[in-house]
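In what follows, a structure is listed as structure tokens, so that the remarks can point back to it.
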Protein chains: 2
Amino acid sequence: MPDDRPQTRIQKRNRETILEAALEVFSSEGFRGATLDQIASAAGLSKPNVLYYFASKEAIYTELLSTLLDTWLDPLRALDPNGEPIAELVAYMRRKFEMSRQFPRESRLFANEIVQGAPRILDEINGPLKALVDEVAGLIQTWISAGRLAPIDPHHLIFSIWATTQHYADFDVQVRGILLPEGDSHLDTAEDFLVTLYTRTLTPKAD
Amino acid sequence: MPDDRPQTRIQKRNRETILEAALEVFSSEGFRGATLDQIASAAGLSKPNVLYYFASKEAIYTELLSTLLDTWLDPLRALDPNGEPIAELVAYMRRKFEMSRQFPRESRLFANEIVQGAPRILDEINGPLKALVDEVAGLIQTWISAGRLAPIDPHHLIFSIWATTQHYADFDVQVRGILLPEGDSHLDTAEDFLVTLYTRTLTPKAD
DNA sequence: GATCGACTTGACCGTTTGGTCAGAAAAGCC
DNA sequence: GGCTTTTCTGACCAAACGGTCAAGTCGATC
């Protein structure tokens, strides 16, 4: 077990290699479906060597999850209360969509965890995540009250943005299967669709 | 191994009991995460007895999946080409939402399978499912061309209906955690939200 | 280039897991 | 009640799994 403070070059490199390999395996097999042998093999290391850098399979998984959860919420934090409401929310949706595009494995890892009851991050959900969402929902409500957005339930608006954007990462096989033989450009089409969806929904009726 | 044709009372009852227990376990643990012992215990039977009724763990799983896939697509098939477009699509969304409400475990079982690459139902997706979706997408396109719906990409509209409705089953823990301490009525609120979302999106601009 | 600590590994261990099997109970039938 | 077929179970097995350990190799520092 290497110390926390002084990280040697080799430690840094191998820990990163292991986390990358573990992300690949965990995201497509789930926690229980993934094996240390798979992870070690994907990392190009022996199993005991993997366990030299991480105390256990569980330790690798939780490290991945906690690192992920942080970056996952960045788009929400980037909402500007002083911006133009519709533009802000569409921009938020775009950021979330961009994360599905760039980090589909992270999205699937998260989806796996939540679908199976989120046993390891329930506290994070009920605590910090809830607080952040409530705050943003409050902001959206003030925009609606000011007549700058069409009236809509803020919490469910956020849920629907999550659902629609993450769908393209989490259900990728299904989307691809149905859209075949289209190329990879389907994600651009999807983004255009979502912009339209939320623009129409959020634009207040002209008086 | 019981024959297919003559099903005794006991066979019928126990096979159903096992499938019900397996649904409970598979939907919350995934295929690899579930164990035969868990399923047997949940069914109140011994493990060898479970294997007397099903050839293998895999056989239980695939039977669940194939039964599920059929009923899962019923709402799509119920679309009426001669109905009023917006009413038809909103009604379709409501049916999908109702399935999330009544069969959340089935939804999670499906989600687990797709997220992990749908290894067992890829053919179903690329074949019958794609065909059905393409057909409905064509219908929606004719409605749009006739000016009865606001222009929108039909395939992605269908995806977004799936994503938003299934989200409340698949990500139930997350939704509940954020909406606490609200009661179970949040699903009614969600449905209202979705009706608004799609009504606004689909209603053509007044000329 | 010797020394010390960091790194790596083959062999191994206990447990869990999916699955088998011979035979014991039940159930159905006359 | 006897006989056959179906249903059920305890004991067992081989493979896979997460994890350990003693011993070996490598890399940095002097």
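Computation of the quantities below employed the complete heavy-atom set of this structure, encompassing side-chain atoms and omitting hydrogens, waters and symmetry-equivalent molecules. Chain A is the first sequence line, chain B the second, and so forth, proteins listed ahead of strands; every chain is numbered from 1.
- OP1 or OP2 of dT7(D) has at least one side-chain nitrogen or oxygen of Tyr52(B) nearer than 4.0 Å.
- When the nucleotides dA28(D), dG19(C), dG10(C) are ranked by their closest atom to the side chain of Lys47(B), dG19(C) comes out on top.
- For Lys57(B), taking side-chain heavy atoms from C-beta onward, the closest of the listed nucleotides dG18(C), dT9(C), dT6(D) is dG18(C).
- Between Phe31(B) and Phe26(B), the ring-plane angle classifies as parallel under the 30° and 60° cut-offs.
- Ring pair Tyr168(A)/Phe97(A) is perpendicular by interplanar angle, where above 60° counts as perpendicular and below 30° as parallel.
- A sub-4.0 Å separation between OP1 or OP2 of dC8(D) and a side-chain N or O of Asn14(B) is present.
- Atom CG in Asp37(A) sits roughly 7 Å away from atom P in dG18(D) (whole-Å rounding).
- Glu29(A) has its CD atom 10 Å from the P atom of dC17(D), to the nearest Å.
- Rounded to whole Å, the distance from CD on Gln11(B) to C1' on dG28(C) is 13 Å.
- For Leu51(B), whose side chain is taken as the heavy atoms from C-beta onward, the closest listed nucleotide among dT8(C), dT20(C), dG18(C) is dT20(C).
- As a whole-Å value, the separation of Tyr61(A) OH from dG18(D) C1' is 17 Å.
- Not one side-chain nitrogen or oxygen of Arg13(B) sits closer than 4.0 Å to the OP1 or OP2 atom of dT7(D).
- Contact annotation for Ala59(A): no contact, since no heavy-atom pair falls under 4.0 Å across all strands.
- Just one of Arg15(B), Arg120(B), Lys57(B) meets the salt bridge (charged side-chain N to carboxylate O under 4.0 Å, His left out) condition when paired with Glu63(B); it is Arg15(B).
- Close to dT17(C), at under 4.0 Å from its OP1 or OP2, lies a side-chain N or O of Arg32(A).
- Within 4.0 Å of Ala40(B), counting heavy atoms only, lies no atom of the nucleic acid at all.
- Nucleotides of DNA chain C nearest to Pro48(A) and Thr35(B) differ in position, and the one nearer the 5' end is that of Pro48(A).
- Rounded to an integer number of Å, the gap from Phe26(A) CZ to dG18(D) C1' is 12 Å.
- Between Arg9(A) and dA28(D) there is a side-chain polar atom (N or O) within less than 4.0 angstrom of OP1 or OP2.
- Residue Glu98(A) forms a side-chain hydrogen bond (donor to acceptor under 3.5 Å, both in side chains) with just one option from Arg94(A), Arg95(A), Gln102(A), Lys96(A), and that option is Gln102(A).
- The nearest heavy atom of DNA chain D to Leu45(B) and to Ile10(A) marks one nucleotide each, and the one closer to the 5' end goes with Leu45(B).
- We find that Glu135(B) and Arg77(B) are not joined by a salt bridge, their nearest charged nitrogen and carboxylate oxygen being 4.0 Å or further apart.
- Atom pair Arg15(B):CZ and dC8(D):C1' shows a separation of 17 Å (rounding to whole Å applied).
- Phosphate contact (OP1/OP2 of dA27(C), side-chain N/O of Thr8(B), threshold under 4.0 Å): absent.
- If you take CG of Leu36(A) and C1' of dG18(D), they are 6 Å apart, rounded to a whole angstrom.
- Using bins of under 30°, 30° to 60° and over 60° for the plane-to-plane angle, the ring pair His155(B)/Phe159(B) lands in the tilted bin.
- Whole-Å rounding puts the Lys12(B) NZ to dT6(D) C1' distance at 18 Å.
- OP1 or OP2 of dT9(D) lies within a sub-4.0 Å distance of a side-chain N or O belonging to Asn49(B).
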